[in-house]
Amino acid sequence: MKKTAIVALAGIAAVTVALSGCGRTEPGAEGGGDDAAGFAADASIGVALPDRTSENWVLAGDLFENGLEEAGFTGDVQYAGSSNAVGDQQQQVQQMIDAGVEVIVIGAADTNQLATQLEAADAADITVIAYDRLIQNSDLVDYYVAFDNFNVGVLQAESLLEGLEANFPGESPWNVELFSGSSDDSNSAVFFDGAMSVLQPAIDDGTLNVVSGQTTVQQTATEDWAAENAQNRMDTIITSSYQGVELHGVLSPNDNLARAIIASATGAGFPVPVVTGQDSEVASVESIVAGEQYSTIYKDTRALVAATIDMVSQLQAGEEVTTTGEADNGAVEVPSNLLDPVIVTQENAAEAYADNPDLEPLTQQ
Ligand code: GAL
């Protein structure tokens, strides 16, 4: 063999050693950060999303498809179906593991029902990123990317109080009802806890009167985040607690439910109460601009998906993963990247959506 060839081969060997040397990061001190660092630049990345319970999930699927491809990866994006979301998602995640993906991004259909799949992913050395919803009670969740969900609840509650003061000045105690999200979604309790950190003191000091008396996350749950469940519960509460009683406001955890609650109230002959929301769904942004729904939360899905793909790229390059803190999932503190949610009312809608070509035009009416 020629000397130059030997030198060239030695060079390749050195590069190989260097690449494999930077291919792994140490497992995080508490429950995360291990696995797939330094994999192929065109690796397969699985994305398992829940049923399309709100527009943010629909948007996320397209953004992941395009964004992963642009970043050079091979994306496999799957949605759970609505009739058997948990089983569908378990099966989809297992298929991704079998197909040899390097990373699986999971927006959990049920944040408590993925234990078997997480064990299989761990055994195959696959990194798991919990997306938007924190998978519970497992030390096999490597990272979490989401908006600050506790703060979502705080902002919703603050806007409820602000709206009550603006629309019904001097009429306190205000009559309100509380809604939370689906009990199989760990976000629901976090949103509610955030909201109650603001509302409980106002209930205790008599500023707010929850006429139905239903104030726990269990009593206020809306299973499957289904609009019809929120509408039915509001109908029932109106019948039982609001005969001859004014309804001033409702804490709604998201837009889909907010519109159902407004439909229930107006259907029963009430004026539109002060209703909160979340997700900046098109119909709700229109409703806010028209002076009906009082507020929503802007969690820019484009930013959340981009942050997740950045994390995948960092893992691919063997770089340190960007995190802003940790989130407790009941088993460990999961290294997390939490983005800031924005409260939107009629007043700041144009400003809040100024950089969003889909939402900004809705504010120009
Ligand atoms: C939550 C998510 C919310 C909302 C809800 C219903 O987990 O954070 O933005 O979309 O699910 O889909």
Side-chain angles (χ1 to χ4, degrees), residues 23-39 45-50 80 86 89-90 92-94 96-97 101-154 181-194 197 217 299 304-305 307-341:
R24 300 194 63 78
T25 51
E26 288 304 307
E30 290 166 295
D34 63 338
D35 295 335
F39 47 81
I45 309 297
V47 181
L49 298 174
V86 175
Q89 187 166 68
Q90 289 171 338
Q92 287 162 349
V93 170
Q94 186 59 53
M96 291 169 187
I97 296 168
V101 299
E102 292 284 356
V103 179
I104 305 182
V105 175
I106 305 179
D110 183 323
T111 45
N112 268 308
Q113 302 278 351
L114 288 159
T116 309
Q117 291 69 36
L118 293 190
E119 271 166 33
D122 183 55
D125 217 13
I126 294 168
T127 300
V128 171
I129 302 175
Y131 172 86
D132 189 280
R133 299 173 173 177
L134 183 55
I135 300 169
Q136 298 294 294
N137 300 315
S138 169
D139 59 358
L140 301 177
V141 182
D142 294 297
Y143 299 102
Y144 178 44
V145 189
F147 282 86
D148 181 338
N149 292 319
F150 188 87
N151 200 27
V152 166
V154 169
S182 190
S183 62
D184 55 9
D185 177 355
S186 54
N187 280 353
S188 299
V190 184
F191 298 145
F192 196 71
D193 287 349
S197 73
V217 72
K299 302 192 302 186
L304 194 61
V305 170
T308 311
I309 295 176
D310 281 352
M311 200 177 256
V312 174
S313 295
Q314 288 167 339
L315 288 164
Q316 188 280 319
E319 291 167 3
E320 199 175 321
V321 169
T322 306
T323 54
T324 56
E326 292 174 329
D328 187 347
N329 78 345
V332 285
E333 298 286 332
V334 181
S336 302
N337 191 5
L338 298 186
L339 281 58
D340 289 327

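Note that the numbering runs from 1 along the sequence shown for the chain.
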Any residue meeting side chain to side chain contact (heavy atoms under 4.5 Å, CB included) with A115, in chain and number order, not counting sequence neighbours: none

Between S336 (side chain) and A327 (backbone), is there a donor-acceptor pair under 3.5 Å? yes

D328: which residues meet the side chain to side chain donor-acceptor pair (under 3.5 Å) condition with it, sequence neighbours left out? none

Got L49 and Q89 here, is their nearest side-chain heavy-atom distance under 4.5 Å? no

Measure from the side-chain N and O atoms of T111 to the backbone N and O of R133, and report whether any donor-acceptor pair falls under 3.5 Å. no

Distance-minimising heavy-atom pair for A121 and I97: N-CD1, 3.6 Å

Under the side chain to side chain donor-acceptor pair (under 3.5 Å) rule, collect the residues that match up with N187, sequence neighbours excluded. D132, N149

Would you mind reporting whether Y131 and V305 have side-chain heavy atoms less than 4.5 Å apart? yes

Any donor-acceptor N/O pair, D148 side chain to L338 backbone, under 3.5 Å: no

Give me the atom names and distance for the closest heavy-atom approach of M311 to Y144. CE-O, 4.4 Å

Closest non-hydrogen atom pair between G181 and S188, with its separation: C-OG, 3.2 Å

Of all residues at least two apart in sequence or in a different chain, which pass the side chain to side chain contact (heavy atoms under 4.5 Å, CB included) check with T116? none

Output all residues satisfying side chain to side chain donor-acceptor pair (under 3.5 Å) with E119, sequence neighbours left out; order by chain, then residue number. none

Partners passing side chain to side chain contact (heavy atoms under 4.5 Å, CB included) against D184 (at least two apart in sequence or in another chain): D110, S182, D224

